[in-house]
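Quantities reported herein were computed from a predicted structural model and do not represent experimental measurements. Convention: sequence-line order gives letters A, B, ...; per-chain numbering from 1.
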Number of protein chains: 2
Amino acid sequence: MATRSSQPTVLLVEDEPAQREVLAYNLEAEGFAVARASDGEEALLSVKEALPDVIVLDWMMPGVSGIEVCRRLKTRAETRDIPIIMLSARSEEVDKVRGLETGADDYIVKPYSVAEFMARVRKELRRTRPSTVGEELRHEDIMLDAQTHRVTRDGAEVKLGPTEFRLLATFLERPGRVYSREQLLDRVWGRDIYVDTRTVDVHIGRLRKALTQFGGDDPLRTVRGAGYSLG
Amino acid sequence: MATRSSQPTVLLVEDEPAQREVLAYNLEAEGFAVARASDGEEALLSVKEALPDVIVLDWMMPGVSGIEVCRRLKTRAETRDIPIIMLSARSEEVDKVRGLETGADDYIVKPYSVAEFMARVRKELRRTRPSTVGEELRHEDIMLDAQTHRVTRDGAEVKLGPTEFRLLATFLERPGRVYSREQLLDRVWGRDIYVDTRTVDVHIGRLRKALTQFGGDDPLRTVRGAGYSLG
DNA sequence: TAAAACTGTTACACAACTGTCACAAAAGCA
DNA sequence: TGCTTTTGTGACAGTTGTGTAACAGTTTTA
């Protein structure tokens, strides 16, 4: 099966560089490793070299076409289980059927939104690698698993209330980044909830207490006049 | 000019709530403050209230259209310098020309990727507020990261108070440039705060002390009768 | 249903930062 | 050189920002 690194790998097969880089940018922003290929031949080589966790495949390509790549991968035992998402500029029903017939797992018609694209990729990854899709956040010895709603520090379980959990999750998305109290209220409490900004301080205090209950340094940093950050 | 808070402010003018929130979410994720408006009238009010650092303007809107908002802002002296990015569903060259003719600084045709959108916003901000975008300011061995709010010299972390931090950030925007005490008060303290100009001297002293605490030359230069500069 | 867990607010203590001053030191000038 | 102007800086009091315990109200759990 596919690699077992902490990040899932996405093989992106698209001959148009601009298109390819936009998608790559978004995938990488979400923490996926991206392998690139600009035609069918490269794609087959790349798969042979290192099995990706999911393949995004453009229909129209010079040389070996996307549909042909798909057919070949789906007939080989060791690549059969890798989900394939087909991209196509054609919207005709005929093509959609043909795409899925050759074994593609999903089919996205251009033009599509990046959000839709990302959602489809996540969906396929969830099937094959349920634990690693956006569900696990780490920073140093702190680990948060959104799937099981658990937090551990240095292996020891840390019990957090819902608010502290979301707060920590927010910090873990971008360790080091300073969030103002207003931003934290926005993200953790929600856009139109009115709570005093000092409430943030109290919850920060509670999160600190929970994270240091078994010893260990305080991982949260207070930036006077600006807000808080993790690390 | 625009506000002097640590975050750049983006005014987002878009009548379609879903669209607006997607963009707002991404802007906020990158640390920008977002002001929202859902039509041209609101937009003009918002600008009057607090000058943003960049304006993102939908072309098609009920009431005062985007293009009209753009025209009005570009004819007023105090808003002329705020970069405007137009969004449009039309791809015809005609519109593009019309958009830029009214003074828009950039023009994005839907559908666009979020990555592209963010890149354009960053580009405009880089022109007008170089310090707060691109996240990292350097000069020789001094490095300031606005995102994480950290300063290092020769790799060693330098702890600065809020005022010293802003002061250094100002100098780093244009190393070598000499700022008068009045200019520094304007930029670092804010336009309508009244403090004695000698206060600047004291903070310069504190900044010097912090930057040389582990040895190293004093990177700040006193220009007698004129002010101070970095390097 | 009662107990436990969680929430937001407040008040107070404490720490960090601020601006001003006074005087010392340095730089310019005649 | 002596005199004037400008800058450096330690001290200090006042201000502002942050940490946290306590509490009452609410929600969740058993």
Picking from B:Leu220, B:Val223, B:Thr222, B:Leu207, what satisfies side-chain contact (heavy atoms from CB on, under 4.5 Å) with B:Tyr228? B:Thr222
In whole Å, what is the span from the CG atom of B:Leu184 to the P atom of C:dG19? 13 Å
Just the rounded figure in Å: distance from P of C:dT20 to CG of B:Asp196. 5 Å
Nearest-angstrom distance from the residue atom CH2 of A:Trp189 to C1' of C:dC6: 13 Å
What is the nucleic acid contact for B:Tyr228, judged by heavy atoms within less than 4.0 Å: base, sugar-phosphate only, or nothing? sugar-phosphate
Looking only at atom types and distance, does a side-chain atom of B:Arg166 sit under 3.5 Å from a main-chain N or O of B:Val188, one as donor and one as acceptor? yes
Tell me whether the side-chain N/O atoms of A:Thr163 come closer than 4.0 Å to OP1 or OP2 in C:dC6. no
As a test of reading the structure: which of C:dA16, D:dG8, C:dC6 is closest to the side chain of A:Arg224, going by heavy atoms? C:dA16
Sequence neighbours excluded, which residues qualify as ring-ring contact (aromatic ring centres under 6.0 Å, His included) partners of A:Phe165? A:His149
From the candidates C:dT20, C:dT18, C:dC6, the one with an atom nearest any side-chain atom of B:Pro162 is C:dT18
Distances under 3.5 Å between nitrogen or oxygen atoms of protein and nucleotides 25-30 of chain D:
none

Expressed in angstrom and rounded to an integer, what is the separation of B:Leu167 atom CG from C:dC17 atom P? 15 Å
Look only at the side chain of A:Asp53 and the backbone of A:Thr9, and say whether a donor-acceptor pair between them is shorter than 3.5 Å. yes
Tell me which residues in residues 197-213 of chain A lie within less than 4.0 Å of DNA chain D, going by non-hydrogen atoms. A:Arg198, A:Asp201, A:Val202, A:Arg206, A:Arg208
Around B:Arg177, counting heavy atoms of other residues, nucleotides and ligands shown, do more than 12 lie under 6.0 Å from its CZ? yes
Would a distance-only check, ignoring hydrogens and angles, find a side-chain to backbone donor-acceptor pair under 3.5 Å from A:Arg150 to A:Asp145? no
Roughly, in whole Å, what's the span from CZ in A:Arg166 to P in C:dC6? 13 Å
Measure NE2/A:His149 against P/C:dC6 and give the value in whole Å, please. 12 Å
Do any side-chain nitrogens or oxygens of A:Thr222 fall under 4.0 Å of OP1 or OP2 in D:dG19? yes
Between A:Thr152 (side chain only) and A:Glu157 (backbone N and O only), is there a donor and an acceptor less than 3.5 Å apart? no
Side chain B:Lys48, main chain B:Ala43, donor-acceptor under 3.5 Å: no
Pair B:Arg20 + B:Glu16, salt bridge at N-O below 4.0 Å: no
In numerical order, the residues of residues 174-183 of chain B whose heavy atoms come under 4.0 Å of DNA chain C are none
Bend angle of the helix from C:dT1-D:dA30 to C:dA30-D:dT1, from helix axes over five pairs at each end, nearest 10°: 30°
Would a distance-only check, ignoring hydrogens and angles, find a side-chain to backbone donor-acceptor pair under 3.5 Å from B:Gln183 to B:Tyr179? no
Pairs where residues 209-220 of chain B contributes a residue and the test side-chain hydrogen bond (donor to acceptor under 3.5 Å, both in side chains) is met, not counting sequence neighbours: B:Arg208-B:Asp218
Is it true that a side-chain atom of B:Asp141 and a backbone atom of B:Arg153 form a donor plus acceptor pair closer than 3.5 Å? no
Do the charged groups of B:Asp201 and B:Arg181 touch, with an N to O distance under 4.0 Å? yes
Are the side chain of A:Arg138 and the backbone N or O of A:Met143 linked by a donor-acceptor pair below 3.5 Å? no
Separation of B:Glu164 atom CD from D:dT9 atom P, in whole Å? 14 Å
B:Phe165 near the nucleic acid: base, sugar-phosphate alone, or nothing, with a heavy-atom cut-off under 4.0 Å? nothing
